[in-house]
Amino acid sequence: METRNGYKTYPLTAAQRFHQFYLNFCPKKQVVNIGTSLTIETELDFDVLKQSIHKAYERCESMRIRFAEDGDGTWYQYVVEKDDRDIEFVDFTDRTMEEAESVMQSWTEIPFERFDSPLSRIVMIKMPDGYSGVYLLVDHFIMDAQSLICFLKDIIELYCNTMYEDIPYPKDMASYIEQVEKDLAYEAGSKAKERDIEFFHKLIETSEPIYNGIDGTEKLEAQRKRSGNPNARAVFNTSDSVDSALDIFHLEEEPTKRLMDFCEENHISLICLLIMGLHTYFHKMNGCNDVSINSAIARRATLKEKKSGGTRIHSFPMRVIIEEDMSFIDGIYKIRDHQNELFCHANYDPVDYFAYRTKVYGTERGCTYEPMSLTYQPLTLKDNGLDKLGDIHYKTKWYPNGATTQGMYLTVMHRPDDNGLDFSFEHQIKAVSREQLEFMYYYVCKIMFKGIENPDLSVGDIIKLI
């Protein structure tokens with residue numbers, strides 16, 4: 001299929017095929033929905049806001065992606081020239097905040113029509129707390145969290161440019177199609193891909209990982225007993241239901257600043273500190289220093305990649321062995337060095353990675369070595385120039401779609417009001433409980449703060465002290 005409705009078609013990228021992989025096995029198709037709201041503490045001109053939304057659609061190719069399917073079931077994508085649908089408006093001022101948020105969560109649980117249809121929905125909203133703004137629902141096939149934030153920022157900057165004298169017109173977005181063509185050129189047998197295959201195959205073949213449970217070794221021991229293999233190292237980490245919940249734990253502004261200051265002083269990113277905290281927690285609970293966690297890589301190193309929209313996240317296991325006599329800071333540096341290696345090869349297809357690992361170690365279908373996935377989302381609107389609006393406050397809220405194919409997925413994000421951290425755990429209700437997550441969150445924080453206060457302390461000593 002070369003064209004569809006007069007538009008040139010393109011195959012799915014590796015990031016999109018990753019979503020397709022788990023979507024095919026999930027009975028609840030809203031699993032790829034991302035719902036969020038952005039509201040501002042000011043009276044909005046909704047006519048100007050509507051114009052700004054239409055302009056943002058015009059400026060962002062990836063928000064105009066459509067999908068099609070050929071005769072043999074292969075999916076293709078294309079970008080339409082216009083998306084000038086009327087923008088809905090809902091006034092929630094006669095309801096409570098809980099009722100308003102419940103309605104928006106219900107919107108988030110409605111899957112999109114898959115083919116030849118828009119994969120986004122925007123509703124202008126007026127909230128009971130005096131804030132106004134937009135609710136945005138997108139399909140993960142066309143947006144990830146970073147591109148979603150970039151799109152919302154564009155709407156607000158377009159609006160503010162019209163309404164306020166000192167706000168400049170935002171710079172152009174980058175071409176989504178241009179980035180797709182680069183990704184497809186890489187996949188077509190480039191030397192870069194050959195180097196990435198060699199790197200990951202060698203990494204996988206080095207040795208087999210081992211599963212570490214949130215409560216300890218119970219799941220691993222049960223898997224060994226069930227399979228009759230006393231040396232099994234992978235387990236079924238999910239339940240028989242994809243029904244999910246979202247539990248959020250809040251870290252205040254002052255302790256968050258201490259973590260950020262430590263990272264800046266030691267030239268590390270917060271994601272490395274978070275992984276070190278989680279690694280040490282699993283080490284403590286399982287008595288095992290070999291820990292593997294799925295870590296998301298945004299693949300947005302260049303300005304064009306940052307502003308092109310679309311979904312670019314690839315996720316690979318971050319597996320590190322940290323000996324008990326290694327200092328906390330050296331453990332972080334070991335994580336940082338391995339992360340930098342993964343960054344260099346992150347264009348590789350994650351589906352191919354997991355398929356090859358399954359082939360090498362003969363793991364049973366559905367089994368995994370990773371107890372969880374982690375994403376750190378550093379972007380906030382405040383970081384992107386909207387501080388020029390002075391003391392105008394804004395809020396963001398993410399809404400669960402009610403389904404996940406993973407047992408546990410942690411997203412760490414900064415709150416817009418105080419820049420503190422929100423630890424958002426999306427989890428299968430039958431796989432992990434809120435009480436288990438609260439316990440883990442408490443100890444991961446204890447580990448991180450003990451570590452940044454005593455960076456030369458050994459991992460073994462930190463485990464004993466907490």
Side-chain angles (χ1 to χ4, degrees), residues 144-146 149-150 153 248-281 283 291 293 295-303 305-307 312-313 316 318 320 322 326-344 346 373-389 393-394 396 410-424 440-459 461-462 465-466:
D144 54 36
Q146 288 204 16
I149 290 171
C150 190
K153 173 179 175 281
I248 304 174
F249 304 100
H250 308 285
L251 187 65
E252 293 80 3
E253 179 180 13
E254 188 279 328
T256 295
K257 187 176 185 304
R258 278 192 276 146
L259 297 180
M260 302 302 290
D261 288 346
F262 175 83
C263 291
E264 187 175 350
E265 290 163 9
N266 291 278
H267 310 290
I268 57 173
S269 64
L270 182 62
I271 185 71
C272 295
L273 178 56
L274 290 166
I275 292 172
M276 185 63 188
L278 289 163
H279 191 289
T280 309
Y281 170 81
H283 185 168
V291 178
I293 295 168
S295 181
I297 299 175
R299 297 171 61 242
R300 294 191 187 275
T302 69
L303 185 61
E305 288 169 348
K306 285 181 173 71
K307 300 201 69 175
R312 295 191 58 78
I313 290 177
F316 298 101
M318 167 65 75
V320 186
I322 298 177
M326 180 176 280
S327 70
F328 187 81
I329 188 66
D330 285 341
I332 296 175
Y333 288 149
K334 188 171 186 179
I335 288 168
R336 181 190 64 183
D337 292 345
H338 185 46
Q339 185 187 56
N340 288 340
E341 282 187 312
L342 293 179
F343 282 167
C344 291
S373 294
L374 171 68
T375 297
Y376 168 54
Q377 177 54 262
L379 278 180
T380 66
L381 291 171
K382 193 174 290 185
D383 293 334
N384 281 273
L386 291 188
D387 52 352
K388 297 184 182 72
L389 297 182
H393 298 106
Y394 71 92
T396 55
L410 169 60
T411 302
V412 181
M413 299 184 72
H414 290 274
R415 290 187 300 277
D417 51 346
D418 64 359
N419 215 39
L421 288 173
D422 278 350
F423 289 70
S424 300
M440 182 171 80
Y441 166 74
Y442 172 75
Y443 273 99
V444 168
C445 286
K446 281 193 72 172
I447 290 164
M448 289 194 296
F449 286 108
K450 181 64 72 175
I452 67 171
E453 290 159 8
N454 307 275
D456 294 323
L457 207 59
S458 74
V459 171
D461 284 341
I462 288 175
L465 287 170
I466 62 159

Hey, does the side chain of [X] reach the backbone of [Y] with a donor-acceptor pair shorter than 3.5 angstrom?
X	Y	answer
Asp422	Arg415	no
Thr256	Leu421	yes
Arg300	Glu305	yes

For residues [X] and [Y], report the shortest heavy-atom separation together with the two atoms involved.
X	Y	value
Leu251	Cys445	CD1-SG, 4.4 Å
Ile447	Gly277	CD1-O, 3.8 Å
Ser327	Pro455	CB-O, 3.8 Å

Taking atom CD of Glu264 as the centre, does the number of heavy atoms from other residues, nucleotides or ligands within less than 6.0 Å exceed 12?
no
Could you check whether atom OH of Tyr442 has more than 12 heavy atoms from other residues, nucleotides or ligands sitting under 6.0 Å from it?
no
Among residues at least two apart in sequence or on other chains, which ones pass ring-ring contact (aromatic ring centres under 6.0 Å, His included) with Phe316?
Phe200, Tyr353
Under the ring-ring contact (aromatic ring centres under 6.0 Å, His included) test, residues paired with Phe249 that sit two or more places apart:
Phe425, Tyr441
Separation of [Y] [atom2] from [X] [atom1] (nearest 0.5 Å):
X	Y	atom1	atom2	answer
Ile466	Lys446	CD1	NZ	6.5 Å
Met318	Cys272	CE	SG	6.5 Å
Asp461	Lys450	CG	NZ	10.5 Å
Ile329	Met326	CD1	CE	11.5 Å
Ile268	Ile332	CD1	CD1	4.0 Å
Leu410	Ser424	CG	OG	7.5 Å

Side chain proximity check, [X] to [Y], heavy atoms < 4.5 angstrom:
X	Y	result
Thr375	Met413	no
Arg258	Phe262	no
Asn454	Phe328	no
Thr280	Ile322	no
Ile275	Tyr376	no
Asn266	Leu273	no
Val320	Met276	no
Arg312	Gln146	no

Who are the side-chain hydrogen bond (donor to acceptor under 3.5 Å, both in side chains) partners of Lys257, not counting sequence neighbours?
Asp261
Run Leu374 and Ile271 through side-chain contact (heavy atoms from CB on, under 4.5 Å) and show every step you take.
CA-CA 9 Å; Leu374 171 68; Ile271 185 71; 3.4 Å; yes
So, applying side chain to side chain contact (heavy atoms under 4.5 Å, CB included) with His338, which one of Glu341, Lys334, Arg336 is it?
Glu341
Run the salt bridge (Lys or Arg N to Asp or Glu O under 4.0 Å) test on Arg299 and Asp144 for me, step by step, so that the C-alpha distance in whole Å, both residues' side-chain angles and the decisive distance to 0.1 Å come before the verdict.
CA-CA 11 Å; Arg299 297 171 61 242; Asp144 54 36; over 6 Å; no
For Asn419 and Met260, run side-chain contact (heavy atoms from CB on, under 4.5 Å): C-alpha distance rounded to whole Å, both residues' side-chain angles, the deciding distance at 0.1 Å, then the answer.
CA-CA 10 Å; Asn419 215 39; Met260 302 302 290; 5.8 Å; no
